[in-house]
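Below is one structure, written out as C-alpha cells; comments come after it.
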Amino acid sequence: MADRGKEYAFARNGYEFTDGEIVYPHQGLTIREYFAGIALQGLLVDRNPMTKSETIADHAVIYADALIKRLEK
C-alpha cells in the first residue's frame, strides 16, 4: 500500500503531454501536512501560554501521523 501521508489532500487531474509525461501544476498540501495543520489549529485553541511553539508543532505532526496510520488499517 502506498504511503497515504505523501498523497495529496486534494487530488487534481494533471495535464498529459504528447510524450506521456503528466504534470501537476499546483499539487498543494500532502495529506500529512493537511492533517498536521488541522491538528495544530486544535492544539492552539487549548494552548498553555508556557508551552513552546516547537512542542505544539511536534504534537500536531504526531497526531497527523497517528491518524494516517489508523486510516491505513
Side-chain angles (χ1 to χ4, degrees):
M1 176 177 255
D3 184 356
R4 291 203 50 183
K6 293 182 181 177
E7 294 175 8
Y8 290 99
F10 304 102
R12 297 184 179 149
N13 290 331
Y15 301 101
E16 187 170 341
F17 293 99
T18 55
D19 62 358
E21 178 184 5
I22 297 177
V23 177
Y24 299 93
H26 302 287
Q27 296 173 335
L29 298 173
T30 64
I31 292 173
R32 183 177 191 234
E33 293 166 337
Y34 180 68
F35 285 168
I38 293 171
L40 181 60
Q41 289 177 20
L43 291 168
L44 290 174
V45 168
D46 194 32
R47 176 183 155 176
N48 177 345
M50 300 303 290
T51 305
K52 292 184 178 182
S53 296
E54 297 84 16
T55 303
I56 294 171
D58 290 339
H59 281 98
V61 173
I62 290 167
Y63 290 133
D65 288 344
L67 179 56
I68 290 167
K69 185 177 180 180
R70 179 64 178 103
L71 291 173
E72 288 177 344
K73 288 185 178 185

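In this text, all values refer to a predicted model and were calculated from it rather than measured experimentally. For the numbers below, each heavy atom of this structure counts, side chains included, while hydrogens, waters and symmetry mates do not.
- In terms of heavy-atom proximity, Ile56 sits nearest to Leu43 at O-CD1, 3.6 Å.
- Taking each heavy atom of Ala39 and Ala60 in turn, the nearest pair found is CB-O, 3.8 Å.
- Ala36 and Ala64 get closest at one heavy-atom pair: N-CB, 3.4 Å.
- One finds the OG atom of Ser53 at 8.0 Å from the CG atom of Leu44 (value rounded to the nearest 0.5 Å).
- From Asp58, atom CG reaches atom CG of Leu40 across 11.0 Å, with rounding to the nearest 0.5 Å.
- For the side-chain contact (heavy atoms from CB on, under 4.5 Å) with Phe35, the lone residue among Leu29, Thr30, Leu71 that qualifies is Leu71.
- With sequence neighbours excluded, the residues satisfying side chain to side chain contact (heavy atoms under 4.5 Å, CB included) with Asp65 are Arg32, Val61.
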